[in-house]
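Below: the structure, in structure tokens.
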Amino acid sequence: MNKKILITGGAGFIGSHVVRLFVNKYPDYQIYNLDKLTYAGNLKNITDIEKKTNYHFLRADIVDAIAINNLFEEYQFDSVIHLAAESHVDRSITNPLDFVMTNVLGTVNLMNAAKDCWKGEMEGKLFYHVSTDEVYGSLHDGGFFLETTPYDPQSPYSASKASSDHFVRAYHNTYKLPIVISNCSNNYGPNQFPEKLIPLFINNIRNNKPLPVYGKGENVRDWLYVVDHARAIDNVYHKGKIGETYNIGGFNEWTNLDLIKVVCKAMDKKLGRLQGESEKLITYVTDRAGHDLRYAIDAHKIMNDLGWQPSLQFEEGIEKTIDWYLNNQQWMDEVTSGTYAKYYDSMYASR
Ligand code: NAD
Ligand code: TYD
């Protein structure tokens with residue numbers, strides 16, 4: 001069936017993998033990638049599909065309600081996969097308002113435009129909101145996040161995502177907007193902006209720069225390869241039940257320190273350095289304020305109900321990831337030039 005899908009944030013890390021998957025796998029769908037191109041958005045992430053006839057790029061800011069309404073009127077999208085967001089916890093601590101504007105107001109603007117465009121004709125329509133496991137807060141005593149776990153966001157980033165999730169459910173309840181939500185664990189893979197742990201550390205190791213470990217490095221994250229998240233989004237988009245939430249994760253927990261050691265070892269090998277050389281760069285710095293201790297997703301619902309499961313073992317995924325960054329030095333050089341240096345100094349100089 002022909003579809004007109006609006007994907008927001010498609011020039012970012014996860015969005016670019018989702019856009020690629022949909023453009024290549026569904027040639028009958030028209031894919032509209034809407035992105036503001038903030039510091040995190042980079043059209044170089046999707047050069048391989050930009051010439052495809054079912055791909056279209058729309059530069060717009062989801063905070064601008066008039067622009068968003070006009071685009072819905074012009075293109076009559078029949079579904080939305082909403083990924084555009086401010087996504088970095090550290091930035092949310094220094095600048096929470098940006099997160100309120102894009103993540104909360106931007107999401108409500110998109111739903112208002114969809115609701116007005118669809119005018120009660122909701123058959124075949126879908127507003128798919130892509131969210132995070134961080135809305136559930138921090139695990140301290142074992143256990144996993146289930147879809148029924150009460151929300152308990154602890155950072156301005158997770159509070160803004162939790163707020164947007166609540167709005168999405170409220171629009172379903174109040175206006176019968178056909179929605180689905182997924183909450184995923186930490187992603188890793190190609191094209192991630194090097195403010196996040198894994199690409200930042202790969203780049204620092206390569207440049208023999210200190211590896212700033214927050215606190216004692218004991219915090220635990222559940223890591224999923226980004227292409228497996230994109231595959232899960234494909235599953236939820238096509239098979240998810242309206243009104244439902246699906247948790248997505250890799251059953252792949254690592255303390256930051258153990259994860260960093262894996263990356264260091266692999267980098268030593270690839271760069272021809274003595275084993276143990278890169279680990280010497282580990283530098284303990286002041287902890288992140290309000291640093292969540294542990295995230296861990298129970299992904300049984302999406303596995304059992306929709307038949308999704310991760311395709312890559314972590315060892316294979318991290319190898320592929322490191323190889324990608326080492327083979328795409330120009331990408332790294334471009335995104336770390338300009339304002340990146342200022343960001344890095346302001347984030348790490350005082351730690
Ligand atoms: P990212 O920061 O790499 O990309 C965000 C994209 O959104 C960029 O292309 C940016 O230009 C665009 N954008 C930002 N503000 C915008 C605005 N006002 N209008 C239009 N476009 C705007 O983020 P990501 O890591 O790819 O995350 C994508 C989504 O997935 C987010 O909603 C995030 O909360 C969620 N998520 C991320 C992770 C993760 O590990 N990265 C895990 C679970 C969920
Ligand atoms: P990050 O990639 O920012 O993802 P999130 O905070 O959304 O989980 O960080 C992953 C973990 O790594 C988190 O516990 C914070 C830690 N971290 C560091 O120790 N040093 C760093 O420089 C960064 C960016 C993160």
Side-chain angles (χ1 to χ4, degrees), residues 7-19 33-43 45-46 58-64 67-68 81-93 98-99 101-103 105-107 109-110 129-135 138 155 157-158 160-161 164-165 182-189 191-201 204 210-224 226 229-230 232-233 247-249 254-257 259-260 282-288 291-295 297 335 344 347-348 351:
I7 299 182
T8 70
F13 168 47
I14 301 169
S16 62
H17 290 275
V18 174
V19 164
N33 171 16
L34 182 157
D35 204 295
K36 180 184 174 181
L37 299 181
T38 67
Y39 76 93
N42 184 354
L43 289 175
N45 291 342
I46 36 176
L58 306 168
R59 187 167 189 182
D61 182 347
I62 58 171
V63 175
D64 181 349
I68 298 302
I81 305 177
H82 175 37
L83 296 110
E86 289 292 339
S87 67
H88 190 38
V89 173
D90 291 328
R91 288 185 192 253
S92 82
I93 294 169
D98 284 352
F99 288 69
M101 297 302 284
T102 288
N103 298 359
L105 183 58
T107 302
N109 280 342
L110 281 166
H129 180 60
V130 175
S131 192
T132 167
D133 61 353
E134 303 191 23
V135 298
S138 179
S155 74
Y157 164 63
S158 54
S160 69
K161 292 296 289 187
S164 63
D165 291 10
S182 60
N183 297 80
C184 190
S185 62
N186 285 60
N187 284 213
Y188 71 97
N191 307 100
Q192 188 168 30
F193 193 78
E195 61 187 353
K196 306 276 168 60
L197 181 73
I198 291 180
L200 175 72
F201 278 32
N204 282 12
L211 305 177
V213 176
Y214 297 166
K216 295 183 182 147
E218 287 170 338
N219 307 68
V220 175
R221 299 291 184 264
D222 168 6
W223 293 93
L224 181 69
V226 63
H229 187 191
I233 288 174
N247 281 353
I248 305 168
W254 291 84
T255 64
N256 290 340
L257 204 52
L259 174 74
I260 292 159
I282 290 177
T283 308
Y284 293 93
V285 299
T286 310
D287 208 355
R288 173 185 279 171
H291 197 172
D292 286 341
L293 181 63
R294 175 173 167 253
Y295 306 140
I297 279 280
V335 300
Y344 195 88
M347 195 56 75
Y348 292 103
R351 282 184 183 271

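Each ligand, and each atom within it, is numbered from 1 in the order the structure gives. Along the sequence shown, residues are numbered consecutively beginning with 1. Quick caveat: nothing in here was measured; it's all calculated off a predicted structure.
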Worksheet entry | Ligand-residue contact atoms, ligand 2 with Pro212, heavy atoms, under 4.0 Å |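 Listed by number with element, the hits are 18 (C), 19 (O), 20 (N), 21 (C), 22 (O).
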Looking only at protein heavy atoms, which one is nearest to [atom], and how far off is it?
| atom | answer |
| --- | --- |
| atom 4 (O) of ligand 2 | Asn186 ND2, 3.4 Å |
| atom 44 (C) of ligand 1 | Ser131 O, 3.1 Å |
| atom 24 (C) of ligand 2 | Glu195 O, 3.2 Å |
| atom 5 (C) of ligand 1 | Ala85 O, 3.4 Å |
| atom 1 (P) of ligand 1 | Ser87 OG, 3.5 Å |
| atom 8 (O) of ligand 2 | Arg221 NE, 2.7 Å |
| atom 10 (C) of ligand 2 | Leu197 CB, 3.9 Å |
| atom 12 (O) of ligand 2 | Asn256 ND2, 3.4 Å |
| atom 3 (O) of ligand 2 | Arg288 NH2, 3.1 Å |
| atom 9 (O) of ligand 1 | Asp35 OD2, 2.6 Å |
| atom 19 (N) of ligand 1 | Ile62 N, 3.0 Å |
| atom 13 (C) of ligand 2 | His291 NE2, 3.4 Å |
| atom 40 (O) of ligand 1 | Asn187 N, 2.9 Å |
| atom 39 (C) of ligand 1 | Ile14 CD1, 3.7 Å |
| atom 29 (C) of ligand 1 | Leu83 O, 3.2 Å |

[X] vs [Y] side-chain heavy atoms within contact, under 4.5 Å:
| X | Y | answer |
| --- | --- | --- |
| Val226 | Gln192 | no |
| His82 | Ile62 | yes |
| Pro212 | Thr283 | no |

Item to complete: Classify the contact between Leu37 and ligand 1 as side chain, backbone, both or neither, using a heavy-atom distance cut-off of under 4.0 Å.
Response: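 Looking at Leu37 and ligand 1, just backbone atoms fall under 4.0 Å.
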Practice prompt. Under 4.0 Å, heavy atoms only, figure out whether ligand 1 is touched by the backbone of Met101, its side chain, both or neither.
Written response: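 Neither; nothing of Met101 gets under 4.0 Å from ligand 1.
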Discussion item. Could you check whether any heavy atom of Ala11 sits closer than 4.0 Å to an atom of ligand 1, since that is the contact criterion I want to use?
Written reply: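 The answer is yes: ligand 1 sits under 4.0 Å from a heavy atom of Ala11.
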Judging by distance only, is a nitrogen or oxygen of [X] under 3.5 angstrom from one on ligand 2?
| X | result |
| --- | --- |
| Glu134 | yes |
| Tyr348 | yes |
| Tyr214 | yes |
| Trp223 | no |
| Lys196 | no |
| Leu200 | no |

Item to complete: Assign the ring pair Tyr348 / Tyr344 to parallel, tilted or perpendicular, where the plane angle (0 to 90°) is split at 30° and 60°.
Response: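 Tyr348 and Tyr344: tilted rings.
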Ignoring angles and geometry beyond distance, decide whether [X] reaches within less than 3.5 Å of ligand 1 through its nitrogen or oxygen atoms.
| X | answer |
| --- | --- |
| His82 | no |
| Cys184 | no |
| Asp61 | yes |
| Asn186 | no |
| His229 | no |

Fill in: Per atom 33 (C) of ligand 1, closest listed option by heavy atom (Tyr157, Trp223, Phe13)
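Minimum heavy-atom distance to atom 33 (C) of ligand 1 goes to Tyr157.
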Worksheet item: Any Lys/Arg nitrogen of Arg91 or Glu195 sitting under 4.0 Å from an Asp/Glu carboxylate oxygen of the other?
Response: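 A salt bridge links Arg91 with Glu195.
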